[in-house]
Amino acid sequence: MAEKIIIEQDGNLKVPDNPIICFIEGDGIGPDIWRASKKIFDAAVEKAYSGRRKVEWKEILAGEKAKEQTGSYLPEDTIEAIKEYVIAIKGPLTTPIGGGIRSINVTLRQRLDLFACVRPVRYFQGVPSPVKNPEKLDIVIFRENTEDVYAGIEWESMTPEARSIISYINETFDKSIIPDSGIGIKPISPFGTRRLMRMALNYAIKNNRKSITIMHKGNIMKYTEGAFAKWAYQEAEENFRDKIIKESEITDGVDTTGKIIIKDRLADSMFQQILLRPEEYDIIVTPNLNGDYLSDAAAAQVGGLGMAPGANIGKWALFEATHGTAPKYAGLDKVNPGSLILSGVMMFNHIGWNEVADMIVNGLQRTISSKYVTYDLARQMDGAIEVKCSEFADKIIENL
């Protein structure tokens with residue numbers, strides 16, 4: 001009989017052998033890649049545990065399907081279901097640019113206080129890449145998910161609210177904002193920063209990672225991004241002192257064995273660093289907007305968003321494909337499901353089913369190495385066999 005995953009008092013998860021896990025198909029290509037991914041997930045669980053464990057999938061609604069069936073792009077029942085069942089996984093969701101509905105992804109993160117966007121970026125042998133040595137990049141990005149300019153505190157140009165705020169700032173603080181500007185506010189707090197850094201540090205300890213780099217633009221935005229760096233260091237020094245060493249403390253003869261090195265880099269420099277010296281970086285902790293940019297740029301180095309998983313984690317956890325809905329390919333059984341598959345790998349690791357996660361990664365690597373791939377990879381690989389999304393999934397299952 002299927003059971004709920006329980007959050008225990010210490011914050012750890014109690015996962016039954018037959019857990020109920022929520023899923024959102026997603027818009028556009030979402031149904032295609034979800035069908036392929038679910039098939040792999042179920043096959044891997046069966047093979048890993050020989051029927052002793054099984055996931056009971058529960059569909060919840062968001063996006064266009066939710067609008068059609070309930071009249072709302074994000075029904076309240078969906079929010080409550082994620083709280084009740086603790087874990088969910090989703091395909092991509094549509095958000096109009098420049099108007100219309102607010103980003104469903106951002107709303108989910110804020111309503112559920114999923115404060116950490118966790119994006120591992122690593123290379124799978126055989127995936128076409130624009131860089132010479134993509135295998136040197138193996139990072140995990142911890143992006144603050146609820147603050148910064150993504151908090152949604154903004155007003156349109158020429159509205160009474162924008163005019164009022166601009167007038168107040170100009171008159172009260174002797175500034176000179178152009179009167180017809182649009183206005184956005186960038187909140188960054190010690191609370192939001194320190195809990196993100198704490199999660200990154202605990203992850204580093206658990207997974208034997210070697211360093212954490214704080215990425216910020218504190219030389220310009222001193223009281224937001226500069227403060228982010230300061231508060232991240234404070235969390236490390238005050239609560240993890242025996243586990244860490246700051247880069248500035250490393251001199252000749254200093255033993256760093258068993259220590260997590262804490263360093264920081266300016267955001268613009270960081271983009272250069274992951275291209276020129278990717279092997280020097282391990283975990284990166286950064287505010288919201290920086291993290292959005294860096295995640296996609298890093299993914300490009302290892303073959304693109306088609307191979308980039310993601311998770312939004314707080315008390316609850318929502319795993320997701322990191323690419324868009326690609327509506328022109330909807331229903332064609334064509335698109336690479338790799339991002340959603342690897343997000344499932346993160347999900348199984350999160351619930352402690354590591355055998356399933358390892359099996360899926362191995363199956364995916366063997367399938368790509370055999371050049372049996374979807375169109376996005378096939379068109380860049382010599383001698384590749386181009387297959388449908390569903391056929392790619394079937395081959396991964398063969399290779400589990």
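Below, each value reflects all heavy atoms present in this structure, side chains not excepted, and no hydrogens, waters or symmetry copies. Note that this is a predicted model, so its numbers are computed, not measured.
Partner of Phe142 under the ring-ring contact (aromatic ring centres under 6.0 Å, His included) criterion, out of Tyr203, Phe115, Phe228: Tyr203 alone.
Counting only N and O atoms by type, the side chains of Thr367 and Asn399 include a donor and acceptor under 3.5 Å apart. For the residue pair Glu8 and Asn12, no side-chain donor N or O sits within less than 3.5 Å of a side-chain acceptor on the partner.
When side chains are defined from C-beta on, Leu108 counts as touching Ile79, because their heavy atoms get closer than 4.5 Å. For the pair Lys315 and Ile7, the minimum side-chain heavy-atom distance is below 4.5 Å. Counting heavy atoms from C-beta outward, Ile141 and Leu294 have side chains that approach closer than 4.5 Å. Counting only heavy atoms from C-beta outward, the side chains of Ile139 and Arg119 never approach each other to under 4.5 Å. When side chains are defined from C-beta on, Ile260 does not count as touching Ile245, because their heavy atoms never get closer than 4.5 Å.
Lys39 has a carboxylate O that lies under 4.0 Å from a charged side-chain N of Asp394, or vice versa, which qualifies the two as a salt bridge. In this structure, Asp32 pairs ionically with Arg35, as a charged nitrogen and a carboxylate oxygen lie closer than 4.0 Å. The existence of a salt bridge linking Arg109 and Glu320 is confirmed by a sub-4.0 Å separation between a basic side-chain nitrogen and an acidic carboxylate oxygen.
In this structure, Phe348 and Trp353 have parallel ring planes: the angle between them is below the 30° cut-off, well short of the 60° mark. Tyr168 and Phe173 have perpendicular rings, their planes meeting at more than 60° on a 0 to 90° scale where under 30° would count as parallel.
Taking the side-chain hydrogen bond (donor to acceptor under 3.5 Å, both in side chains) definition, one finds that Glu225 meets it with Lys186, Asn290, sequence neighbours left out.
Other residues sharing the hydrophobic cluster of Leu275, ordered by chain and number and joined by side-chain separations under 4.5 Å: Val131. In the hydrophobic clustering, where aliphatic and aromatic side chains (Ile, Leu, Val, Met, Phe, Trp, Tyr) are joined below 4.5 Å either directly or transitively, Leu276 stands alone. Hydrophobic cluster membership of Tyr85, counting Ile, Leu, Val, Met, Phe, Trp and Tyr whose side-chain heavy atoms lie under 4.5 Å apart directly or via other members: Ile20.
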Tell me which donor-acceptor pairs under 3.5 Å the side chains of residues 209-221 have, and how far apart each pair is, sequence neighbours excluded?
| unit_1 | atom_1 | unit_2 | atom_2 | d |
| --- | --- | --- | --- | --- |
| Arg209 | NE | Asp282 | OD1 | 2.4 |
| Arg209 | NH2 | Asp138 | O | 3.0 |
| Arg209 | NH2 | Asp282 | OD1 | 2.8 |
| His216 | ND1 | Gly218 | N | 2.9 |
| His216 | NE2 | Asp264 | OD2 | 3.0 |
| Lys217 | NZ | Asp268 | OD1 | 3.3 |
| Lys217 | NZ | Asp268 | OD2 | 2.9 |

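Here the two rings, on Phe392 and Tyr372, have centers that are 6.0 Å apart or farther. Taking the six-membered ring for Trp and the full ring otherwise, the centers of Phe319 and Phe23 sit at least 6.0 Å from each other.
By the neighbour-count criterion of 12 heavy atoms within 6.0 Å, atom NZ of Lys259 is densely surrounded, having more than that number from other residues, nucleotides or ligands.
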Please assess Leu112 against Lys83 for the test side-chain contact (heavy atoms from CB on, under 4.5 Å), listing each intermediate value before the final yes or no. CA-CA 8 Å; Leu112 294 164; Lys83 291 179 179 179; 3.7 Å; yes
Check step by step if side-chain hydrogen bond (donor to acceptor under 3.5 Å, both in side chains) holds for Asn288 and Glu147. CA-CA 7 Å; Asn288 208 333; Glu147 299 188 322; over 6 Å; no
Ser369 and Gln365: CA distance, side-chain angles, deciding distance, side-chain hydrogen bond (donor to acceptor under 3.5 Å, both in side chains) verdict: CA-CA 6 Å; Ser369 295; Gln365 179 62 81; 3.0 Å; yes
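Remark: Arg53 qualifies as a cation-pi partner of Tyr49 under the 6.0 Å distance and 45° angle criteria applied to the six-membered ring. For the pair Arg194 and Phe191, the cation-pi test (distance below 6.0 Å, angle within 45°) is failed.
Legend: salt bridge (charged side-chain N to carboxylate O under 4.0 Å, His left out) pairs involving residues 55-64, not counting sequence neighbours, sorted by first then second residue: Glu59-Lys65.
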